[in-house]
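All values below come from the heavy atoms of this structure, side chains included, with hydrogens, waters and symmetry mates left out.
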Amino acid sequence: MTTEAQKRATKKWRAANREKKLYTDAKAQAKRFIKMATPEDLSELIEFIKIVEKNS
């Protein structure tokens, strides 16, 4: 069970680290997607990654 103090601390951290939280959530979501993706999905994702790397 989470204490009220811990809930406040978590809320404060999330407010102060919004970008980091969004980044880590997106990264976790991408990993979950890769685990359930079809071979076609993975091929499409690899092509997208190549395009992004080329334009970086």
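Scanning for side-chain contact (heavy atoms from CB on, under 4.5 Å) contacts around R32 gives A28, Q29, with sequence neighbours left out. Under the side chain to side chain donor-acceptor pair (under 3.5 Å) criterion, D25 pairs with K21, not counting sequence neighbours. Residues passing the side chain to side chain donor-acceptor pair (under 3.5 Å) test with N17, sequence neighbours excluded: none.
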Output side-chain donor-acceptor pairs under 3.5 Å for residues 2-11, partner residues at least two apart or in another chain, one line each.
unit_1, atom_1, unit_2, atom_2, d
T3, OG1, Q6, N, 3.1
Q6, NE2, T10, OG1, 3.4
T10, OG1, Q6, O, 2.9

Under 3.5 Å donor-acceptor pairs involving side-chain atoms of residues 40-50, not counting sequence neighbours:
unit_1, atom_1, unit_2, atom_2, d
E40, OE1, T38, OG1, 3.3
D41, OD2, T38, N, 3.2
D41, OD2, T38, OG1, 3.2
S43, OG, P39, O, 3.1

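Distance NZ/K27 to NZ/K31: 5.0 Å, rounded to 0.5 Å.
Open room surrounds OH on Y23; 12 or fewer heavy atoms of other groups in view lie less than 6.0 Å from it.
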